[in-house]
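So that the names make sense, note that chain A is the first sequence line, chain B the second, and so on, each numbered from 1. On a predicted model such as this, the values are computed, not experimentally measured, just so you know.
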Amino acid sequence: MVAAPAAMFVARHGFPRSSKGIAMHCLAKFLTGTVAALALGAGMAMPAKAQDAAKLNDLEIAHVAYTASLVDIRYAHLALALSSNGEVRNFAETMIRDHTAVNDKALALLKKLNLAPQDNGVSQSLVKGAGMAVDDMRKLDGKAFDAKYVANELAYHQAVNGLLGSTFIPNAKNAELKALLEVAQPIFKEHETHVSGLVAAMK
Amino acid sequence: MPTVSATRLAVAVVAVAVLAGPRIGLVMAQDVAKAAPQTHAIEISQFKFQPDPLRIRRGDTVSFTNKDVTPHTATATSKAWDSATLVNGKSWSLKLDEPGEIDYFCRFHPNMKAKLIVE
C-alpha cells in the first residue's frame with residue numbers, strides 16, 4: 001500500500017508514533033468546497049478532491065489541524081529562504097513560532113488521551129495543495145515572491161479560520177479538543193489580521 | 001483670669017490633638033503608601049495586554065506575564081526596552097522612573113499594542 005501524501009508529510013515532519021500508529025482512513029466520499037480553499041491560496045490550483053470536513057471525527061479533525069499548522073510552517077521556511085523583506089521575515093518567523101507552539105499543545109493533548117490522529121482526505125488535500133503552492137512560489141523572488149507569499153497566507157488563514165469556526169469547533173465531540181481549537185482560533189485570526197496588513201501595504 | 005485662659009487653651013489644644021490625631025496618622029500613612037514603589041501585574045492573554053492603559057507612579061515596577069500558548073514580547077515602541085521572548089507562563093519585570101506616556105507592543109504580533117502612563 002502506498003502511503004498517502006498527508007501521512008508521509010506528517011510522518012516526515014513530526015507526529016509521534018504511538019502504539020496505535022497513524023490510522024489510514026478509507027475515504028468513501030469526497031466533496032469540494034470550503035476545504036478545497038485551504039489549498040487554493042492565492043490563485044493556486046485546486047486539489048482534485050477534498051473530503052467533506054463536516055464528516056470528520058475528532059481524530060481526523062486533530063490531524064487536519066496539526067497538518068494545517070505544518071503546512072504553514074513549511075510556507076514560512078520557504079519565505080525565510082527567499083525573502084529579504086524584514087516584515088515578511090518577521091511574519092514568517094512568527095508563523096513558525098506560533099504554529100509550533102499550538103502543535104506542541106496538540107501533541108501533548110493527544111499523548112494525554114493516548115490517541116493517534118487519523119489521516120484523511122482533508123489533510124491529504126492540504127498537503128497536495130501546499131506542494132503545488134510551494135512549487136509555484138519558489139519560482140519567484142524579490143517583491144513578486146513577497147506579494148505571492150502574503151496573499152497566499154491571507155487566503156490560507158481565512159480558509160482555516162472559516163473551517164475552524166463553522167465546522168471543526170462546533171463538531172468536535174471531545175471537550176479538550178474543542179477547547180484547544182478554541183484557543184487556536186484567536187491565534188490564527190490574529191495571523192490573518194497581521195498578514196492582511198502586509199497585503200495592504202504591498203498594493 | 002490669665003490662669004483660666006491658659007487652662008482653657010491647654011484643654012483646647014489637647015482636645016484638638018486627641019480628635020485629629022488618628023486622622024493625621026492616617027494621612028501620613030497614606031502619603032507613605034503613595035510614596036512606596038508598587039509592582040503592577042500586566043497579563044498577556046488572548047493577544048491583549050491587560051489592563052490597558054495602566055497608570056502607575058514613577059518608581060513603580062510593572063510585571064508582564066504571558067498566559068497565552070504562543071510566545072510574546074513586551075517592547076517599547078521607542079525600542080527603549082524589550083522583554084525578549086516570553087513563552088507561556090514566563091514573566092518579566094520593568095521599573096519605570098521617568099514620567100510620561102509609553103506606548104509598547106509585541107514584536108511578534110504588531111497589532112498587540114498598549115500604553116503605560118507614568119505619573
Side-chain angles (χ1 to χ4, degrees), chain A residues 65-66 68-69 72-73 76 79-80 85-110 112 150 153-154 157 160-161 164 176-202, chain B residues 40-56 61-94 96 100-117:
Chain A
Y66 190 94
S69 275
D72 207 43
I73 290 169
L80 291 177
N85 180 306
E87 291 187 339
V88 168
R89 295 181 64 83
N90 182 45
F91 178 78
E93 286 167 351
T94 294
M95 293 307 98
I96 293 171
R97 196 182 300 111
D98 287 2
H99 285 286
T100 299
V102 171
N103 271 3
D104 286 348
K105 201 83 174 171
L107 289 180
L109 174 60
L110 290 165
K112 176 187 165 190
V150 296
E153 283 296 293
L154 178 57
H157 280 89
V160 168
N161 288 333
L164 271 176
E176 289 182 276
L177 173 63
K178 188 187 284 282
L180 179 59
L181 295 173
E182 287 171 341
V183 166
Q185 190 177 35
I187 297 171
F188 300 159
K189 282 188 174 175
E190 206 288 330
H191 294 168
E192 183 182 329
T193 303
H194 185 169
V195 78
S196 68
L198 296 180
V199 169
M202 288 186 191
Chain B
H40 306 265
I42 294 180
E43 188 173 290
I44 308 173
S45 177
Q46 299 283 312
F47 281 72
K48 289 177 182 164
F49 297 98
Q50 296 169 321
D52 172 47
L54 176 63
R55 194 176 291 272
I56 67 173
T61 296
V62 288
S63 177
F64 299 88
T65 301
N66 182 14
K67 303 277 189 175
D68 275 342
V69 170
T70 58
H72 292 294
T73 74
T75 307
T77 305
S78 67
K79 304 291 171 68
W81 44 264
D82 179 59
S83 66
T85 301
L86 293 173
V87 298
N88 175 258
K90 292 295 180 187
S91 298
W92 178 75
S93 295
L94 170 71
L96 292 161
E101 293 192 0
I102 304 170
D103 292 316
Y104 66 99
F105 72 115
C106 169
R107 277 190 286 112
F108 304 152
H109 310 101
N111 294 310
M112 290 176 59
K113 297 174 184 172
K115 185 188 292 286
L116 291 166
I117 303 168

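At least one side-chain heavy atom of B:His109 sits under 4.5 Å from a side-chain heavy atom of A:Asp98.
Contact between A:Ile187 and B:Phe47 at its shortest, heavy atoms only, is CG1-CE1, 3.3 Å.
Heavy-atom neighbours of B:Glu43 CD from other residues, nucleotides or ligands within 6.0 Å: above the threshold of 12. At most 12 heavy atoms of other shown residues, nucleotides or ligands fall within 6.0 angstrom of atom NZ in A:Lys105. In B:Lys113, the NZ atom is not crowded: 12 or fewer heavy atoms of neighbouring residues, nucleotides or ligands sit closer than 6.0 Å.
Options A:Arg97, A:His194, A:Glu93 differ in how many heavy-atom pairs under 4.5 Å they form with chain B, and the most are formed by A:Arg97.
From A:Glu190, atom CD reaches atom CG of B:Asp68 across 10.0 Å, with rounding to the nearest 0.5 Å.
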